[in-house]
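Notes follow once the structure below has been shown.
No experiment lies behind these values; they were computed from the predicted model shown.
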Amino acid sequence: MKKYFIYILGLFLIASCSDVIELDLNNSDPRLVIDAAMERNEMGTTSTIIKLTRSAGFYDEDLVFVDDATITITDNDTGQIIPINFVADGVYESNFPFIRSTDPTAVSYTLNIDDNGDVYTATEVFQQTVPLIDVEQQTISGFGDDITEITAFFNDPSGQGNFYLFEYNDDENDQVDIGDDEFTDGNRSQTTFFIEELEPGTVANIRIMGINQRCFNFYETLLQQADGGGGGPFAVQPAVVRGNIINTTDAEKFPFGYFRISEVFETEYTIE
């Protein structure tokens, strides 16, 4: 009975307080937030998408898009420099076939972003992965709304020390997960997503991407802060999480975000 009294008292106190008090949180200067990926799918097609925003104060609700940056990617084998074109709302894209099929892991690529005189760079190599082989679904009841558990399976290659980035997307939901093969090397492995109020007939897209250990550690920290990874990992930056991108103009003005180069496999699944 005591805990119910405290709960009711808390509701009364909340309802009785109508003044809004905003604390002075001593917000830091805005920083560039970079979500950059080069991907090659199972058809051998390369796509590059880079999203730029600027960090904002705690009470600011609107995203600040960066639409005037100059972005290129350099093939460090040939020296070729390819511009990445602005599309809209902080998004820059290219379908240039960067990643060649001969030995994609042997070539590194350098991202270069000029943001009003601040130059940001990162260099990465292609990370391979394996296709998804099966998807299973079950419903978890008894905790209010039903939760749909979606599990996707894949066969981990033996002896390679693999790291994985997973994405689940439908018209209403998006989630991110990560994995490694520390305890599943060479075995059938899985990733699992938990979705609330998922209607039968919903078409979901599930993706598996190859990443390296540094990228795994970066996403692991973000997902821990986001309490499980609901929503995009770059939607909120609750604390300083350093990625692989540096500011060559001013090292103290480092950005948030990551540049990765991934092989990607995806599958569509219709919710039953």
Side-chain angles (χ1 to χ4, degrees), residues 35-51 73 84 87 91-101 104-105 109 124-138 147-157 160 162-181 184 187-196 198-213 215-216 218-220 222-223 226 228-235 257-272:
D35 181 4
M38 292 172 56
E39 296 180 348
R40 191 182 76 176
N41 63 25
E42 58 188 307
M43 304 300 294
T45 301
T46 300
S47 62
T48 300
I49 181 167
I50 298 164
K51 302 175 184 178
I73 289 181
I84 311 301
V87 178
V91 176
Y92 301 73
E93 293 183 350
S94 174
N95 290 322
F96 184 83
F98 285 101
I99 306 168
R100 297 184 294 276
S101 59
T105 62
Y109 300 87
E124 282 294 327
V125 298
F126 182 69
Q127 302 295 319
Q128 294 178 300
T129 193
V130 294
L132 298 167
I133 57 175
D134 193 18
V135 179
E136 295 181 358
Q137 166 189 344
Q138 67 176 357
I147 297 175
T148 304
E149 178 183 293
I150 304 295
T151 303
F153 297 90
F154 59 97
N155 290 323
D156 177 78
Q160 295 185 11
N162 296 286
F163 297 89
Y164 303 98
L165 175 65
F166 307 98
E167 289 182 354
Y168 170 96
N169 292 280
D170 62 40
D171 289 340
E172 302 293 334
N173 303 280
D174 60 273
Q175 290 190 13
V176 174
D177 192 19
I178 53 173
D180 62 26
D181 63 358
T184 60
N187 294 300
R188 178 179 167 94
S189 303
Q190 66 186 61
T191 181
T192 302
F193 299 95
F194 299 93
I195 316 295
E196 296 182 1
L198 195 53
E199 295 293 331
T202 299
V203 177
N205 183 266
I206 304 171
R207 299 180 358 124
I208 179 172
M209 291 152 281
I211 57 176
N212 59 23
Q213 184 171 8
C215 187
F216 174 89
F218 174 81
Y219 275 91
E220 182 178 40
L222 283 182
L223 294 175
F234 295 96
Y258 209 92
F259 172 51
R260 62 176 175 83
I261 307 176
S262 303
E263 184 175 28
V264 55
F265 293 93
E266 57 187 281
T267 186
E268 281 192 353
Y269 178 76
T270 301
I271 305 302
E272 299 173 353

Enter the distance from Gln213:CD to Asp180:CG here, rounded to the nearest 0.5 Å.
-> 8.0 Å
Report the residues that fulfil ring-ring contact (aromatic ring centres under 6.0 Å, His included) with Phe163, sequence neighbours left out, ordered by chain and then residue number.
-> Phe216
Look up atom CD in Glu39 and atom CD in Glu266, then write down how far apart they are to the nearest 0.5 Å.
-> 8.5 Å
Nearest non-hydrogen partners of Pro157 and Asp181, listed with the distance | O-OD2, 4.1 Å
Rounded distance [0.5 Å steps], CD1 in Ile261 versus CZ in Phe98 | 9.0 Å
Main-chain N/O of Val264 paired with Thr129 side-chain donor or acceptor, under 3.5 Å = no
Heavy atoms, side chains only, cut-off 4.5 Å: are Val125 and Thr105 in contact?
-> no
Nearest heavy-atom neighbours spanning Ser47 and Asn95 | CB-OD1, 3.9 Å
Determine whether more than 12 heavy atoms belonging to other residues, nucleotides or ligands lie under 6.0 Å from atom CD of Glu172.
-> no
Pick from Thr192, Thr191, Asp134: which one makes a side-chain hydrogen bond (donor to acceptor under 3.5 Å, both in side chains) with Thr151?
-> Thr192
Under 3.5 Å, is there a donor-acceptor pair between the Tyr168 and Asp177 side chains?
-> no
Is it the case that Glu263 and Gln128 place a side-chain donor and acceptor less than 3.5 Å from each other?
-> no
Heavy-atom closest contact (Asn212 atom, Glu124 atom, distance) = ND2-OE1, 3.1 Å
Cys215 and Tyr258 have their tightest heavy-atom pair at N-OH, 3.1 Å
Would a 4.5 Å heavy-atom cut-off, applied to side chains only, mark Arg260 and Tyr219 as touching?
-> yes
With sequence neighbours excluded, tell me which residues meet ring-ring contact (aromatic ring centres under 6.0 Å, His included) with Phe265.
-> none
CG (Asp170) and OG1 (Thr270) are apart, to the nearest 0.5 Å, by 11.0 Å
Shortest non-hydrogen contact between Ala152 and Leu132, atoms and distance | CB-CD2, 4.0 Å
Closest contact, heavy atoms only, Tyr109 versus Ile99 | OH-CA, 3.6 Å
Sequence neighbours excluded, which residues qualify as side-chain contact (heavy atoms from CB on, under 4.5 Å) partners of Gln137?
-> Thr148, Ile150, Tyr269, Ile271, Glu272
More than 12 non-hydrogen atoms from neighbouring residues, nucleotides or ligands closer than 6.0 Å to CD on Gln160, yes or no?
-> yes
